[in-house]
Amino acid sequence: QVQLVESGGGLAQAGGSLRLSCAASGRIVSLNDMGWYRQAPGKQRELVASITNDGSTKYGDSASAKGRFTISRDNGVKTMYLQMNSLKPEDTAVYYCNADLVYLNPSDEYVAQKYWGQGTQVTVSS
């Protein structure tokens, strides 16, 4: 019924850039807080950045991401973005999008739920 689909991952060289997208689809009534998380091999999933419906942003504690990544969203097309510049090998991870949303189920009932995308791999070579 509802899907979050990430795209834009891939292989980049250190110092390069990538732009991730997260497109939401389905019978979505309200798309609220959204966020990007990442999980490197052997590590816990961590918050990269989050954004509210009205565009207020928050960045995670990862010192390496601050100042290099920018989160944004386009509510008109239900899509969130993560612009990643000056990439470093330590940015290598699977990047996941997350959204708090309200959707209509097949019985036309409102359901509030947190959704995750399937993840997109970002690999940065040195």
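Clustering of Ile, Leu, Val, Met, Phe, Trp and Tyr by side-chain heavy atoms under 4.5 Å joins L104 with V29, V102, Y110.
No side-chain donor-acceptor contact under 3.5 Å links Q121 to the backbone of G10. A donor-acceptor pair is defined here as one N or O able to donate and one able to accept, closer than 3.5 Å; no such pair exists between the side chain of R38 and the backbone of A93. Using a distance-only test at 3.5 Å, with no hydrogens or angles considered, a donor-acceptor pair links the side chain of N75 to the main chain of N53. Between the side chain of Y59 and the main chain of I71, a donor-acceptor pair closer than 3.5 Å is present. The backbone N or O of V124 lies less than 3.5 Å from a partner atom in the side chain of T92, making a donor-acceptor pair. In terms of modelled atom types and a separation under 3.5 Å, the side chain of E6 and the main chain of G119 share a donor-acceptor contact.
With a 6.0 Å cutoff to the six-membered ring centre and a 45° limit on the axis angle, R45 counts as a cation-pi contact of Y96.
Under the rule for a salt bridge (charged side-chain N to carboxylate O under 4.0 Å, His left out), the partners of R27 that lie at least two apart in sequence or sit in another chain are D108.
Taking the ring centroids of Y37 and W116, they lie under the 6.0 Å cut-off.
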(Q) Walk me through whether Q39 and Y95 qualify under side-chain contact (heavy atoms from CB on, under 4.5 Å). (A) CA-CA 7 Å; Q39 187 166 19; Y95 285 71; over 6 Å; no

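For the residue pair S17 / N85, a side-chain donor-acceptor distance below 3.5 Å is found, with atom types taken as modelled.
Taking all atoms of both residues into account, the shortest heavy-atom contact from T79 to V77 is OG1-O, 2.9 Å.
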